[in-house]
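Reading through the structure tokens given below for one structure.
All values below come from the heavy atoms of this structure, side chains included, with hydrogens, waters and symmetry mates left out. Please read all numbers here as calculations on a predicted model, not as lab measurements.
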Amino acid sequence: VALRDVDSNPAIDAADPRRAPATDQRGFVRDAEPDIGAFELLDPPDILITGRRGHEIARGDYDPSTLDGTDFGTAVVDGSALVQSFTLVNQGESPLVLAGPPVLPSGWSDAFSIIREPNATIAAGASSSFDVSFEPSSTGLHRTNVRVVSNDPDEPDYQFQVQGTGRAEPQITAPSARNDAFTVNV
């Protein structure tokens with residue numbers, strides 16, 4: 001296998017293309033300037049994360065949006081959870097290996113949790129999804145970062161922010177015998 005450092009590796013693009021087989025040992029088509037050795041050099045893994053409707057979430061996106069699903073919207077306190085799926089896509093030619101499941105760093109809102117984890121290894125051109133749940137126990141804005149660590153050489157620590165707003169459940173007070181008025185608190 002040829003080494004990745006192209007500038008100092010004499011094996012990169014050094015074989016005679018007229019004498020090299022059309023494919024390497026794995027069946028991958030060699031390029032016009034084949035490497036010396038058994039395998040052609042593959043591009044490294046390249047992570048991409050998408051949210052709602054396939055919208056890309058940029059690494060370092062700290063501006064949550066309903067468009068990509070990073071803004072979960074509003075949920076009733078102690079009510080049903082809102083769940084959003086995010087997809088890890090490997091755009092590279094080598095396997096993408098996660099250092100562990102996505103994490104939500106401590107010190108942020110505890111209203112979020114990872115409820116489904118992606119595969120630990122994602123083949124070239126493949127994808128795997130994970131789910132984040134938002135279930136607030138208090139009113140107001142809740143935020144946290146989602147962190148995915150992998151072997152992608154230029155984006156090994158991929159983080160983005162999610163948020164949601166907790167609101168109180170409406171309270172309805174029925175009229176009393178002494179007063180025929182009622183109130184609704186929203």
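Here V103 pairs with R147 under the side chain to side chain contact (heavy atoms under 4.5 Å, CB included) rule; sequence neighbours left out. With sequence neighbours excluded, the residues that form a side chain to side chain donor-acceptor pair (under 3.5 Å) with T87 are S129. Every residue was checked against the ring-ring contact (aromatic ring centres under 6.0 Å, His included) condition with Y158, not counting sequence neighbours, and none meets it. Residues passing the side chain to side chain contact (heavy atoms under 4.5 Å, CB included) test with L104, sequence neighbours excluded: F112, I114, T144, V146. The side chain to side chain donor-acceptor pair (under 3.5 Å) check on S85 picks up D131, with sequence neighbours excluded. The side chain to side chain contact (heavy atoms under 4.5 Å, CB included) test applied to P156 returns no partner, not counting sequence neighbours. Residues passing the side chain to side chain contact (heavy atoms under 4.5 Å, CB included) test with S150, sequence neighbours excluded: I47, L96, L98, D152. Applying the side chain to side chain donor-acceptor pair (under 3.5 Å) test to E135 and every residue at least two apart in sequence or in another chain returns nothing.
To the nearest 0.5 angstrom, E56 atom CD is 8.5 Å from T50 atom OG1. Put simply, CZ on F86 and CD1 on I49 are 9.0 Å apart, with the number rounded to the nearest 0.5 Å. One finds the CG atom of L88 at 8.5 Å from the OG atom of S127 (value rounded to the nearest 0.5 Å).
Applying the side chain to side chain donor-acceptor pair (under 3.5 Å) definition to pairs two or more places apart or across chains, those involving residues 98-113 are S109-H142. Evaluation of the side chain to side chain donor-acceptor pair (under 3.5 Å) test over residues 68-81, restricted to residues two or more places apart or in two chains, returns D68-T70, D71-Q163.
The closest donor-acceptor contact from the side chain of N90 to the backbone of D46 lies under 3.5 Å. Looking at N151, its side chain does come within 3.5 Å of a backbone N or O of V97 through a donor-acceptor pair. No donor-acceptor pair under 3.5 Å is formed between the side chain of S128 and the backbone N or O of P118.
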- Before giving the answer on side chain to side chain contact (heavy atoms under 4.5 Å, CB included), spell out for R143 and V162 the whole-Å C-alpha distance, their side-chain angles and the decisive distance to 0.1 Å. CA-CA 6 Å; R143 290 182 171 211; V162 294; over 6 Å; no

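Q84 has its side chain out of reach of F134: every pair of non-hydrogen atoms, C-beta onward, lies at least 4.5 Å apart.
P136 and G166 get closest at one heavy-atom pair: CG-CA, 3.8 Å. Of all heavy-atom pairs between A124 and S94, the closest is CB-N, 4.1 Å.
Chaining together hydrophobic side chains whose heavy atoms lie under 4.5 Å apart places I115 alongside V83.
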With a cut-off of 3.5 Å and sequence neighbours excluded, list every side-chain donor-acceptor pair involving residues 58-67.
unit_1, atom_1, unit_2, atom_2, d
R59, NE, D157, O, 3.1
D61, OD1, D63, N, 3.0
S65, OG, L67, N, 3.0

